[in-house]
Amino acid sequence: VHPDDAFARSIGLANGKTEAWYILSAAAGAKVAVGLNYPRSAAELRTAITDGSIANIVHWHPVHQGDVISIPAGTIHAIGAGIVLAEIQQHSDTTFRLFDYGRVRELQIENAVAVATAGPREPQSPAERRSDARLVLTVNPYFALEQIDLAPGSVWMLDAPKETWLLAIEGHAQLGSTKLSPGDAVFLQADHADIEVGADGLKALLAYP
């Protein structure tokens, strides 16, 4: 679980950590845990951590390629096996671990219980299409995440007045002097660049404040 801005700053950190996941690939039956299956008190959450039952009271659900999952700060979460995902997040590496399946990594139970929303995650807003080429996947107070689908042979300009990340997930393109293939990421800020799309089109993720 990650802290929100207020808690993070109370312990001397710059900000909290809200994030989102885009599922790039998922094996059959792959699952993620997001939130708890129903509300618990802080005492009940502590008991579940102590006896290991927290692994069973988180809400596990299947995921598939192309799914988008919003993880607001305070959401208890875990990623199951067989998943490759892109994670878009606030500038923070702060994680409070509640449970670790008996491994030896440090737990931060006091802080975790203090920041956790001990219940289900709030419903996620659906994606919103802005144009044939732009699909807004999720928006929160910190960042927007879009999927862009650019037609073969088309030419675009990417205007990035603020921090902007682009991750190619299908197809090919030339972005300025950079060749884009699946898995390539580009960072722009106070800049703009032409995108010349290849013969197989381009699907990419675009994240910005």
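Small disclaimer: the values here were computed from a predicted structure and weren't measured.
- Between K179 and E196, no side-chain nitrogen of the basic residue sits less than 4.0 Å from a carboxylate oxygen of the acidic one, so the salt-bridge criterion is not met.
- Taking 4.5 Å as the limit, every side-chain heavy atom of W156 sits out of range of all side-chain heavy atoms of D194.
- Among N111, I76, I109, V58, the single residue meeting the side-chain contact (heavy atoms from CB on, under 4.5 Å) criterion with L98 is I76.
- Within 6.0 Å of CG on D100 lie more than 12 heavy atoms contributed by other residues, nucleotides or ligands.
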**Message:** Show, in sequence, the C-alpha distance, side-chain angles and deciding distance for I79 and L85, and conclude whether the side chain to side chain contact (heavy atoms under 4.5 Å, CB included) test is met.
**Reply:** CA-CA 9 Å; I79 302 167; L85 58 80; 3.7 Å; yes
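- Side-chain contact, Y22 with D67: no donor N or O sits under 3.5 Å from an acceptor N or O.
- With a 6.0 Å radius and a threshold of 12 heavy atoms from other residues, nucleotides or ligands, D93 has its CG atom at or below the threshold.
- Judged purely by atom type and a 3.5 angstrom limit, R129 uses its side chain to pair as donor or acceptor with the backbone of D132.
- Contact of the P152 side chain with the D200 side chain is not registered, since no non-hydrogen atoms from C-beta on lie closer than 4.5 Å.
- For the residue pair N15/H91, the side-chain donor-acceptor check at 3.5 Å is not satisfied.
- A cation-pi contact, defined as under 6.0 Å to the ring centre and within 45° of the axis, is absent between R97 and F99.
- Heavy atoms from other residues, nucleotides or ligands lying under 6.0 Å from NE2 of H61 number more than 12.
- Here the shortest heavy-atom pairing between A55 and W60 reads O-NE1, 2.9 Å.
- A donor-acceptor pair under 3.5 Å is absent between the side-chain atoms of D191 and the main chain of L188, judged by distance alone.
- When atom types are taken as modelled, the side chain of T47 and the backbone of A43 share a donor-acceptor pair closer than 3.5 angstrom.
- Between K17 and E87 there is a salt bridge, with a side-chain nitrogen of the basic residue lying less than 4.0 Å from a carboxylate oxygen of the acidic one.
- For the residue pair T18 and A73, the shortest heavy atom distance occurs at OG1-N, 3.1 Å.
- Between the side chains of Q89 and Y142, no donor-acceptor pair is found at a separation under 3.5 Å.
- No more than 12 heavy atoms of other residues, nucleotides or ligands lie within 6.0 Å of CD in E122, so this atom counts as exposed by the packing criterion.
- A side-chain N or O of D5 and one of Q90 form a donor-acceptor pair less than 3.5 Å apart.
- Of the possible polar contacts, one joining the S131 side chain to the A133 backbone as a donor-acceptor pair under 3.5 Å is found.
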**Prompt:** Does the pair V34 and K31 meet the rule for a side chain to side chain contact (heavy atoms under 4.5 Å, CB included), with working shown?
**Reply:** CA-CA 10 Å; V34 182; K31 296 181 179 181; over 6 Å; no
**Item:** side chain to side chain contact (heavy atoms under 4.5 Å, CB included) evaluation trace for Q65 with V84
**Value:** CA-CA 9 Å; Q65 182 179 20; V84 178; over 6 Å; no
**Message:** Working note: F187 + Q189, criterion side chain to side chain contact (heavy atoms under 4.5 Å, CB included); need CA distance, chi angles, decisive distance, verdict.
**Reply:** CA-CA 7 Å; F187 170 72; Q189 182 168 282; 3.8 Å; yes
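- The NE2 atom of H59 lies 15.5 Å from the NE2 atom of H77; values are rounded to the nearest 0.5 Å.
- Checking side-chain atoms of T164 against main-chain N and O of A160 turns up no donor-acceptor pair under 3.5 Å.
- Here L137 contributes atom CG and Q124 contributes atom CD; the two are 9.5 Å apart, rounded to the nearest 0.5 Å.
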